[in-house]
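What follows is a short report on a single structure.
Chain identifiers are assigned alphabetically (A, B, ...) following the order of the sequence lines, protein sequences preceding nucleic acid strands; residue numbering begins at 1 within each chain.
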Amino acid sequence: MNDKYLPAIYTAFALGIAFLGWRIDNAYYLQLLIFIGLNTLLALSLNMLMGYAGQISLGHAAFYGIGAYVTAILTTTYQIPPVLALPAAVGAAMVIAWIVGMPTLRLSGYYLGMGTLGFGMIVHIVLREWSSVTGGASGLVGIPPLSVGPVEFASNKSYFFLVWAVVLAVIIFCRRIIDSRVGRALCAIHDGEKAAAAVGVNTRRLKLQVFVLSAGIAALAGFLYAHLVFFISPGSFGFMASIKIVTMVVIGGMASIWGALFGASLLTLLPEWLHAFSEFEMVVYGLVLMVVMIFMPRGLTRGVVDIYERYRKTHDRQ
Amino acid sequence: MQELLQYLFSGMTNGAVYAVIALGFSMLYNSTDLINFAHGEFVMLGALCMVSLTAGAGIALVPAFFVTVAVVAAAGMLFERLAIRPVRNPQPVVLIIITVGASIFLRGTGMLIWGKDAHSIPPFLDIAPIDIAGARLLAQSVWILVIVTALTAGLHLFYKKTLTGKAMTACAVNKKGAWIVGIPFKWMVLLAFGLSTGLGAVAGASIAPITMSSYDMGTILGLKGFCGAMLGGLGSLWGAILGGFLLGILEAMGVGFVSSGFKDATAFLLLLLVLYVRPQGILGTAEVKRF
Amino acid sequence: MNGTAKPMTGSDPILEIRDVNKAFGGVQALDRIGFNLENASITGLIGPNGAGKTTLFNVITGMLAPDTGDIRFAGRSIEKLEVHQRVALGIARTFQNVELFESMTVLDNILVGLFTRTRAGMIASMLRLPRTRKEETLARDQAMELLNFVGLQDYAHRKSGDLPFGWQRMLEVARAMAAQPRLLLLDEPAAGLNMAETGHLGELIKEIRSRGITILLVEHDMSLTMSISDHIVVLDQGGKIAEGPPRAVQADEAVMAAYLGKKATPTKD
């Protein structure tokens with residue numbers, strides 16, 4: 001739609017990041033922005049699957065966790081440099097996604113929902129119980145900071161730039177996929193799987209591909225998370241974490257890349273602003289998911305736009 | 001041998017509970033083509049209502065049991081009326097997110113009402129465990145088995161003999177056709193939700209005496225029930241029973257002979273395996289929907 | 001082709017349907033169906049509602065598996081191929097209740113139609129390789145050409161779901177054409193069209209045939225079907241009751257019986 005302006009938007013986005021990084025020195029705010037970046041990656045990853053291809057994952061935190069744990073184990077137990085652990089972390093998540101997606105994506109949406117939910121539970125249990133490797137419930141400590149050759153991303157500021165550079169890159173890549181033959185076919189699957197197959201789209205293969213891609217992006221976020229906090233435990237990758245990712249996409253709007261940014265920001269900031277929020281977290285998320293989906297099945301931001309357009313149309317007619 | 005028997009007993013008790021939960025999934029799927037991701041939360045509500053009514057309000061067990069089931073079934077019908085019926089675009093993804101939302105919402109509400117602590121109540125009848133060949137069978141387990149048998153028989157008769165049951169099956173087979181012959185489709189969906197969540201409540205109320213009940217017990221129980229339903233064949237009455245028991249027994253054997261930490265993983269591995277090998281389940285014959 | 005097709009004896013039929021059976025529960029939806037489609041011909045598939053026409057479409061395109069029987073396309077059995085593989089081979093279709101990708105633009109619908117004729121994968125698209133860009137430009141040109149063909153070139157960037165119904169039908173035909181099929185199956189393409197639109201559609205179908213594409217047409221508009229078809233196949237209650245040139249079929253007693261509701265004894269010719 002705004003193909004022409006995309007380079008300008010990307011430039012503005014990059015300048016915005018540079019400006020924030022230049023102006024903000026407060027460690028707390030930097031940390032918050034880094035978390036917004038990580039959550040944006042997670043929301044983008046699920047958005048590719050849910051928003052564009054219309055398939056759901058209720059266990060996305062598992063891929064996030066796999067990314068974090070693989071790098072944590074490799075860099076602490078085996079002393080492998082983080083740069084080399086990155087392909088392993090992302091690759092492991094993608095291979096596992098391929099194995100899990102193969103049977104479930106063949107079937108209708110409900111099975112993928114249950115399959116991924118069950119898969120998320122398994123991963124959580126394995127992280128908790130396989131103490132000899134994962135450190136069990138207490139997790140893994142002493143994850144080294146990220147360094148690429150002589151460049152070390154130890155400070156909050158350098159990490160801020162790194163995370164947001166990755167976010168921008170992922171946004172660009174996702175956008176390119178969406179505007180391509182593959183992306184159009186994914187949207188077609190969402191609009192009508194039967195019709196998509198009837199025009200020659202190999203729906204099963206494409207759904208599997210986007211599922212694997214989505215898992216890879218989530219694992220990338222997990223990798224960045226592990227080298228940010230230096231300490232990980234299974235609690236960060238449980239069922240609620242998966243639901244949080246779904247909520248970000250639902251708030252941000254299906255099939256909207258900038259919406260993912262919005263959803264991620266809101267869900268990162270809300271608990272910070274409202275300290276009483278943690279008590280009511282589940283009730284609020286649950287209500288948001290239900291209400292938005294009942295009245296705006298394309299998500300909150302899109303829903304608002306739709307309502308505005310409908311209003312304008314009826315208004316124009318009068 | 002004695003050990004094996006002991007595992008079998010505990011597996012059968014859990015299995016019976018999974019079977020009842022699986023029945024809830026299956027019968028709802030049968031009449032509405034929908035999988036309720038919040039189903040486990042209704043099991044939780046059943047268990048905690050039972051706790052409140054008996055330990056809290058001091059009501060006798062039998063009336064408390066029926067009140068619990070009625071209350072939870074009413075909650076299930078309210079859920080259908082408020083959150084499912086208004087959906088204009090009933091795609092799986094949308095319905096999954098709505099029912100998942102309901103699940104989180106109920107879980108959060110459960111936490112606000114009953115707190116984060118676990119609760120328990122005394123068994124239905126205070127009888128010493130029965131000793132069979134050296135293995136102990138809890139009296140509550142016998143109760144649960146009796147309840148499952150009664151429910152199965154009741155549901156079987158409901159579907160085969162009553163007009164409402166037949167009408168419900170008709171809705172499942174052909175929505176439009178059912179509407180044309182004058183079956184009140186909306187009422188059938190509402191009734192199916194009530195029955196399904198009521199079954200969940202039966203499962204929850206029955207296990208309240210033998211387990212610690214807390215606000216977060218529902219998700220895992222729901223998933224295991226679903227696994228049982230898939231294992232036996234989603235939508236099949238006998239499949240749900242078979243799948244539930246099979247899962248319970250396999251899980252107990254896994255705990256006994258492999259490791260207890262991974263107990264919960266058994267169900268999910270089994271679920272993935274079923275999806276891989278035989279998505280229609282053991283007793284399912286109908287082709288699983290591919291689109 | 002000389003306007004009228006020679007039934008059953010053509011040299012190289014593009015599609016051969018042999019003894020196809022399909023039952024739903026106790027209902028025999030297709031009962032030993034067998035006929036051939038001549039290359040670059042228009043065949044009208046007619047019959048009362050419930051005769052099994054759409055079921056046959058679904059069997060040919062691979063959306064339903066027949067219980068028994070064989071279907072050969074361009075000389076090879078396609079029984080084991082999936083829907084998208086059959087499209088890649090050259091079998092495209094439209095749907096009775098237009099199934100567009102409604103949230104997408106008119107142009108994007110055609111571009112999805114070009115899926116089997118383009119290659120760019122996920123990684124190539126992510127990196128925007130030179131060959132990917134070239135392919136994309138080429139695809140857009142082809143898509144615009146097809147929109148020109150059906151007369152929708154001015155609406156390329158409209159949301160397809162917003163088009164009037166008649167145009168949606170045209171768009172669906174263009175989308176099917178994008179797959180560069182050798183056989184095009186049209187399921188009631190004139191349903192819901194007005195007289196002028198129907199006339200235009202008839203011209204379009206003949207134009208498609210003149211490009212060497214074989215057409216199997218299910219249509220209730222008899223004047224359209226009889227005027228453009230080279231060959232007619234009549235189904236009733238799952239069985240084939242007649243086939244031949246339009247004139248011969250119109251005079252066939254079994255066909256009259258089927259349409260007028262008299263008891264008919266299926267004849268096999």
Side-chain angles (χ1 to χ4, degrees), chain A residues 1-3 6-7 48 51-54 94 106 169-214 216-217 254-256 297-298 302 306 309-310 313, chain C residues 57-58 61-63 82-95 97-105 107-129 132-133 135-136 139 157 160-162 172 175-181 185 187:
Chain A
M1 81 211 153
N2 43 12
D3 249 10
L6 271 181
M48 287 300 281
Y52 289 98
M94 290 172 94
R106 266 197 345 238
V170 170
I171 287 179
I172 292 174
F173 283 150
C174 285
R175 186 72 225 198
R176 284 179 166 189
I177 290 178
I178 289 154
D179 288 336
S180 76
R181 164 180 180 265
V182 176
R184 285 187 297 260
L186 284 176
C187 291
I189 292 174
H190 195 176
D191 272 10
E193 189 158 343
K194 195 173 75 172
V199 300
V201 176
N202 187 346
T203 55
R204 194 188 307 169
R205 188 168 139 194
L206 222 57
K207 284 194 289 183
L208 192 57
Q209 276 184 358
V210 73
F211 188 59
V212 168
L213 171 83
S214 168
I217 299 173
M254 305 283 194
S256 157
R298 303 209 300 156
R302 284 232 165 187
D306 284 352
E309 277 182 356
R310 223 175 301 150
K313 255 185 210 166
Chain C
F57 263 38
N58 288 336
T61 52
M63 293 185 161
E82 289 185 64
V83 178
H84 65 92
Q85 292 171 312
R86 297 188 195 198
V87 180
L89 263 190
I91 303 178
R93 74 170 291 177
T94 65
F95 291 90
N97 316 304
V98 183
E99 306 230 11
L100 291 174
F101 308 122
E102 291 190 357
S103 72
M104 301 169 72
T105 64
L107 183 66
D108 280 350
N109 265 272
I110 307 278
L111 287 171
V112 176
L114 279 158
F115 191 84
T116 52
R117 304 299 160 205
T118 40
R119 317 193 63 83
M122 206 165 264
I123 292 165
S125 311
M126 215 190 283
L127 302 176
R128 290 244 162 115
L129 299 175
T132 313
R133 292 179 194 219
E135 181 183 272
E136 181 77 15
H157 299 287
S160 68
D162 292 345
E172 209 191 16
R175 186 182 68 185
M177 289 286 289
Q180 298 167 13
L185 301 137
D187 199 349

(message) Quick check on the interface: out of T116(C), L111(C), L100(C), I91(C), who has the most heavy-atom pairs with chain A under 4.5 Å?
(response) L111(C)
(request) Pick one of side chain, backbone, both or neither for I172(A), based on which atoms fall under 4.5 Å of a heavy atom in chain C. (result) neither
(message) Using heavy-atom distances under 4.5 Å, tell me whether R86(C) contacts chain A through its side chain, its backbone, both, or neither.
(response) neither
(request) Would you mind reporting whether Y52(A) and V210(A) have side-chain heavy atoms less than 4.5 Å apart? (result) no
(request) Could you check which of M104(C), R117(C), R175(C), Q85(C) has the highest count of heavy-atom pairs closer than 4.5 Å to chain A? (result) M104(C)
(message) So D187(C) and N97(C), do their side chains get closer than 4.5 Å, heavy atoms only?
(response) no
(request) Could you check if a side-chain atom of R184(A) sits within less than 4.5 angstrom of a side-chain atom of N109(C), using non-hydrogen atoms only? (result) no
(request) Look only at the side chain of R181(A) and the backbone of T118(C), and say whether a donor-acceptor pair between them is shorter than 3.5 Å. (result) yes
(request) For chain A, find which of E136(C), E102(C), R93(C) contributes the most heavy-atom pairs closer than 4.5 angstrom. (result) E136(C)
(message) Can you tell me if I123(C) has over 12 outside heavy atoms packed within less than 6.0 Å of its CD1?
(response) no
(request) Go through the atoms of E135(C) and report whether side chain, backbone, both or neither lie under 4.5 Å from a heavy atom of chain A. (result) side chain
(message) Quiz question: by atom type and distance under 3.5 Å, do the side chains of S125(C) and R176(A) form a donor-acceptor pair?
(response) no
(request) Below 4.5 Å from any heavy atom of chain A, which atoms of E82(C) appear? Answer side chain, backbone, both or neither. (result) side chain
(message) Is T61(C) close to chain A through its backbone or its side chain, or both, or neither, when contacts mean heavy atoms under 4.5 Å?
(response) neither
(request) Find the one option among G192(A), A198(A), S180(A) whose heavy-atom pairs under 4.5 Å with chain C are most numerous. (result) A198(A)
(message) Less than 4.5 Å apart, side chain to side chain, heavy atoms only: is that true for I189(A) and L206(A)?
(response) yes
